[in-house]
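Written out below as structure tokens is the structure these notes cover.
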Amino acid sequence: MNQASSTPDKAVLIDMYRKMTLAKQNDEQARKVIMSGKLPMIYYSPRGQEVIPAAVSVNLGAEDYICTIYRGIHDMLAKGVPLDSLWAELAGRATGTCKGKGGPMHITHPESGCMVTTGIVGSSMPIANGLALASQVRGEKRVTVAYFGDAASNIGAFHESLNMASVWKLPVVFVCQNNRYGEHTRFEKATAVERIADRGAAYNMPGIHVDGNDPLAMYAAAKEAVERARAGEGPTLIEAMTFRFYGHVFGDADGYMDKAEKEAAMAADPVPRYRQWLIDEGYASDDELTTMEDETGKRIRAAIDGALEAPWPDESELYTDVYVNDFSAA
Amino acid sequence: MNQASSTPDKAVLIDMYRKMTLAKQNDEQARKVIMSGKLPMIYYSPRGQEVIPAAVSVNLGAEDYICTIYRGIHDMLAKGVPLDSLWAELAGRATGTCKGKGGPMHITHPESGCMVTTGIVGSSMPIANGLALASQVRGEKRVTVAYFGDAASNIGAFHESLNMASVWKLPVVFVCQNNRYGEHTRFEKATAVERIADRGAAYNMPGIHVDGNDPLAMYAAAKEAVERARAGEGPTLIEAMTFRFYGHVFGDADGYMDKAEKEAAMAADPVPRYRQWLIDEGYASDDELTTMEDETGKRIRAAIDGALEAPWPDESELYTDVYVNDFSAA
Amino acid sequence: MAQNKVTTLQAINTALHEAMAQDDSILVFGEDVADPEEGGVNGATRGLSTEFGESRVRSTPISEQAIIGAAIGSAMAGMRPVAEIMLMNFSTVAMDMIVNHAAKLRYMSGGQTAVPLTIRVTTGAGFGTAGQHSDYLEAWFAHTAGLKVVTGSTPAETAGLLKACIFDDDPCIFIENLPAYWQKGEAPEPGQTIPLGKARIAREGSDVTVVTYGPQVAVAEAAAEQLAEEKITVEVVDLRTIQPWDRDTVLNAVAKTGRAVVSHEAVRAFGVGAEISSVIHEELFDQLRAPVQRVGAPSTAVPYSKALESAFVPDADKVVAAIRKTLK
Amino acid sequence: MAQNKVTTLQAINTALHEAMAQDDSILVFGEDVADPEEGGVNGATRGLSTEFGESRVRSTPISEQAIIGAAIGSAMAGMRPVAEIMLMNFSTVAMDMIVNHAAKLRYMSGGQTAVPLTIRVTTGAGFGTAGQHSDYLEAWFAHTAGLKVVTGSTPAETAGLLKACIFDDDPCIFIENLPAYWQKGEAPEPGQTIPLGKARIAREGSDVTVVTYGPQVAVAEAAAEQLAEEKITVEVVDLRTIQPWDRDTVLNAVAKTGRAVVSHEAVRAFGVGAEISSVIHEELFDQLRAPVQRVGAPSTAVPYSKALESAFVPDADKVVAAIRKTLK
Ligand SMILES: Cc1ncc(C[n+]2csc(CCOP(=O)(O)OP(=O)(O)O)c2C)c(N)n1
Ligand SMILES: Cc1ncc(C[n+]2csc(CCOP(=O)(O)OP(=O)(O)O)c2C)c(N)n1
Ligand SMILES: [Mg+2]
Ligand SMILES: [Mg+2]
């Protein structure tokens, strides 16, 4: 653990762990319920990447926005998307955040600031700019975070977004979760630069390369970037190094992965590591954390149970929400 | 004139001037014939930018490819697109390079290696990659040059192309003609970085910032890049600083331009400057160059006259060349 | 009334001024749109940044994905952005943003988020800008659920419809015809908006109905004039909103005459006319006295040469020929 | 014959192997297509890089514009690239390359350059991938002059048509249906190609003609089975090439029955069916006994929930209902 000078106070440290354990346990339950056959869905597990949104989100308020991606359930949970309507959406039910129309790749929950979840690589960034632009024009202090993956840094939208954000000094933080693979392709095979953070220079934008599995380092990076954005000083690019434990899509044959690298990454699971650190440093007792974990686990199970019993959307829902005033879409 | 160590020999120096004077005079005649009303066309004058393609092209052979843009008539002439069919195309005649179907923004002439002229900002680059890819796969020594403007460096295709070219070490040279404006917008207002050449680093690609109006410096930069590509060592990004004398589109009200900057640039017209240098350094006499110029002027006038008398395409041409075997397109 | 004539460009400019003055949430951005850049290459947005400031009126980098992304995000956050994509062909660069996001976010979010943006695009053959600058993609946008596709046929219509788009809560593609920019017509009434989804009878007639939109309305009117000499009277329906289109007005107008021609400048095959024609056949099969005829461009790119370009765009003669076919 | 059954995925894989072995100029690239990346997320290109090397078979960055650009340029230089755009929705990111360049370069160059590329795209609702992963854009491509748009309805058809696209000298959009990847059918004959532009009579009948393509061919066949019990015989035409489509075969098949249904999974409004329906009405107006009916998806994004997604895709019941309408 990189004990930075700016170690946050206890409440924040505990809050980060709360977010991490929520995301980790949610993922465990998700994989379980998929395996059980009770809730079939295509699932992009973010297991292993929990530290990043936990550390980012403790620097954000409910009014701040995020735009995330198909592999963003940890980002959503850290930002406060409620478990019940999230799970109902995953199950395609009428009580889901999006009435079952969006599904796992398109969770939206404006109340908690989760504005867009996208399935198109690179597309979180241009939309995040727009949210930030609205805040800037209105003179609000709101910050927008765009999450995306390492491979997304090779697509045109990344380039256009970072350039525009920099030229207009938009209050946005670009958080690249570098898990070293884009689908089955290793980072190095697709990306000409060694560090994505170095691409910041191409936009005259600070680029921070950070161990995204180190909560204190990640916290410091996020804090700096969020403060810069909030102060009207413009955008930051953060490259947070991490690893995804369960391949591209849960269930994929991971023959394309470097086994040793994967095993090492899993052995260095950042969540239990941080847990131990909290105990070692006296921020929490094992019991306290166990209680928190148990309670979190219960809430998740309840959300899943509730989702599985929730009503399906009525077929008429197929035709609504196309336009503000429903023309017949049939 | 930046007398680089690698000053080329006399034949090359003269050849560069030949290309420059051809482009310059062609532009002068183009503006004249447009003003006369005899050949109305939307014309993007490259006047002021002649040095760049002249210096690039003396490093290329006929088998090398270029992809250029609507403001690329100097690039085409330097590469060897013949005046007669070029002018017939500008006039929309059946004898034009493209039978009148392409027009000024879409000149193609594979025989001289001019593979694509495009009107979509940024699109010369991905296609240049493809041409270079074919050469690489076949083990040819052919080099492809992609010309584009400064403002094009802000569009997604730039980013994707440079990354892919670098990852695959494609034999391509990206030549950005930085004339400090994209349409009516000043470079600084749209571009987050001070030097586009610095963006090369984002792709682990050499980025050369060069005075594109200095023939020797430009020659040295082009030589280095073309040799690198030909040797299989991968792509180079060249940012060649220059200026366009006649605004975005010929005839635009140039109220958006900095008058002093424009006047200074025109006063420093690189073509007469180079002419004088050739004489001063004893590479050519005033008479020799005047003869060359006169002869060039005559060829251009003959091409224009020929074009204006050439037949219009038959209406049936509207429906051909849609597919290889003509289905009815009517 | 000569002093009341304005160009389409002036009408658009006035409409934008009016809208921005009326509602602070309206933003305008696109390449060169602010006044230091002369308010656009054609001056459509001239004066806006001077009046409303460069925070609300911004010249952008050449980054169409980022332009539409900025529009989508700000729209979701409660603004009413009017983004300009200089030419319709360039919308292909931003097609992901338009189709996968702007069009779908309301639906995919179950109605939680709205995207009240307007994308102004210009197009139109006639100026020799050839294959990459003159395409008509309205059929694509009409096929894309969630978008509204709108175009005007006169300066006043253009102004009224543009304002309706700006104040509409859905993403609107507003199509402007480049050659029509400098054509004059009656000035719009100040403050007037024209409701979306309602077609207009541009000319009454009882023998044949021509359904069309944009610059082809004038062409249809010219064709009607020509045929009036033969005592054939032609009804001309101006769709205004291409999607969702006004089936009632169209079907009533065709039911009246029993004969129809659908016409547009876009490529005929798989064009907007195919949908209109199909629905007319489906709904009025027994009342039709002849098959619906479609007029549109051939399946080619727009050619450069004047000799070819003028044959590409359907003219009044082609509309007259199609009308005659329905009268056989 | 059970040992002769293959999945569509296997048929595609075999076709690619055959083609690459036959012609050195064939390149394959796209995200994850090489074997270190498992030959694609679905394995469609598995084995190719091992057999033909990573110079000819390349996994790319996630850069769809660069992917299609690389295909266009190499095609112009004499190669026959087969570029994969993983899902049809992602083609929107590369739409400029496809529409402004691949489709137009032959025309704009006056025939000097050809672009013999094939773009393989996958799509199809049914797996809960929702609004951004299941769109059907064939109508867009069909509206774009210069492209050929092709899709198969069985493993053998898919293989034969894919090879025809690869060896064709024009840019082809080859559409693969994702749910059909794991469906089995007769194995293709080795070496067989199926000519472009020729439709196929998938089933003979004399009462009604259903014109369709891709996965809807099986749906139409199921509808035909259902109606056979009532002694209604249905002719099913598989378009194969959506553009340029085989008017002769379609019009003959409809002329025979005097009744037609056009069906596809894509959104009905402004879809491919509108063009086919319009042409049938235009050409066979006097022979039609009922208006042509169109079956397609509603004008919505593809919804996630199983409950909605299954109502989105037209099933045999919907085709049967449309057929009955023509029989009234
Ligand atoms: C434009 C586009 N191209 C391709 C895809 C298919 N795809 C989905 S996820 C993915 C990999 C993205 O990798 P990365 O950005 O590193 O994010 P990660 O999945 O590793 O979190 C790809 C290629 C897509 N969704 N969108
Ligand atoms: C994708 C796209 N967007 C916008 C345009 C309109 N446009 C044509 S040229 C131009 C400016 C390009 O500037 P730059 O790249 O610097 O080249 P220059 O014209 O200065 O040579 C613009 C915006 C276009 N052709 N393509
Ligand atoms: Mg990744
Ligand atoms: Mg420029």
Side-chain angles (χ1 to χ4, degrees), chain B residues 40-42 70 89-94 96 98-106 118-123 149-158 181-186 189-192 248-249 252-256 311-323 327-330, chain C residues 30-43 45-46 54 58-67 69 86-87 89-94 96-97 127-135 178 267-269 296-313 318:
Chain B
M41 64 169 164
I42 297 176
Y70 50 91
E89 188 62 30
L90 299 181
R93 306 307 166 109
C98 312
K99 303 186 201 162
K101 296 186 192 185
M105 281 200 274
H106 306 302
T118 173
I120 309 287
V121 166
S123 62
D150 47 294
S153 77
N154 295 323
I155 203 162
F158 166 90
Y181 286 88
E183 289 200 347
H184 298 185
T185 302
R186 287 185 65 81
K189 192 160 179 177
T191 312
H248 172 57
V249 59
D252 72 14
D254 59 1
Y256 58 88
W312 292 97
D314 190 83
E315 197 184 307
S316 67
E317 274 297 335
L318 177 57
Y319 309 103
T320 65
D321 300 321
V322 179
Y323 297 108
F327 292 86
S328 168
Chain C
E31 292 151 14
D32 300 326
V33 300
D35 286 333
E37 292 73 42
E38 303 198 322
V41 284
N42 300 309
T45 52
R46 198 159 292 162
E54 282 202 57
R58 300 185 183 208
S59 291
T60 63
I62 308 183
S63 307
E64 277 80 3
Q65 295 189 68
I67 291 171
M86 200 172 288
L87 285 170
N89 283 74
F90 312 157
S91 70
T92 55
V93 182
D96 164 52
M97 281 289 131
F127 284 176
T129 54
Q132 293 179 339
H133 282 62
S134 329
D135 273 356
L178 190 67
V267 163
R268 189 183 56 236
S299 286
T300 73
V302 181
Y304 167 67
S305 176
K306 262 275 151 284
L308 304 176
E309 192 191 32
S310 56
F312 178 90
V313 180
K318 288 203 178 113

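Lettering follows sequence order; numbering is per chain, from 1.
Between chain C and the options B:G182, B:G122, B:P313, B:S316, heavy-atom pairs under 4.5 Å are most frequent for B:P313. Among the candidates C:Q65, C:E31, C:H133, the residue making the largest number of heavy-atom pairs closer than 4.5 Å to chain B is C:H133. Comparing B:M41, B:H106, B:H248 by heavy-atom pairs within less than 4.5 Å of chain C, the highest count is held by B:H106. Comparing C:P36, C:A301, C:G40 by how many heavy-atom pairs each has under 4.5 Å with chain B, the most go to C:P36. For the set B:I155, B:V249, B:T118, the count of heavy-atom pairs under 4.5 angstrom toward chain C peaks at B:I155.
Closest approach of C:V93 and B:I120 over heavy atoms only: CG2-CG2, 4.3 Å. Heavy atoms only, all atoms of each residue included: C:P298 and B:L318 are closest at CG-CD2, 4.1 Å.
A 4.5 Å side-chain heavy-atom check between B:V121 and B:Y70 finds at least one atom pair inside the cut-off. Considering only heavy atoms from C-beta on, C:F90 stays 4.5 Å or farther from C:Q132 through its side chain. The side-chain heavy atoms of B:E183 and C:E37, taken from C-beta on, include no pair separated by under 4.5 Å.
With a threshold of 4.5 angstrom between heavy atoms, B:D252 does not approach chain C through any atom at all. With a threshold of 4.5 angstrom between heavy atoms, B:I42 approaches chain C through side-chain atoms but not through N, CA, C or O. Proximity to chain C is absent for every atom of B:T191, based on heavy atoms less than 4.5 angstrom apart. With a threshold of 4.5 angstrom between heavy atoms, B:D150 does not approach chain C through any atom at all. Both the backbone and the side chain of C:T129 come within less than 4.5 Å of a heavy atom in chain B.
With no hydrogens or angles considered, a side-chain donor-acceptor pair links C:D32 and B:T185 at under 3.5 Å.
Tested against B:K99, the residues B:T320, B:D321, B:D314 include a single side chain to side chain donor-acceptor pair (under 3.5 Å) partner, B:D321.
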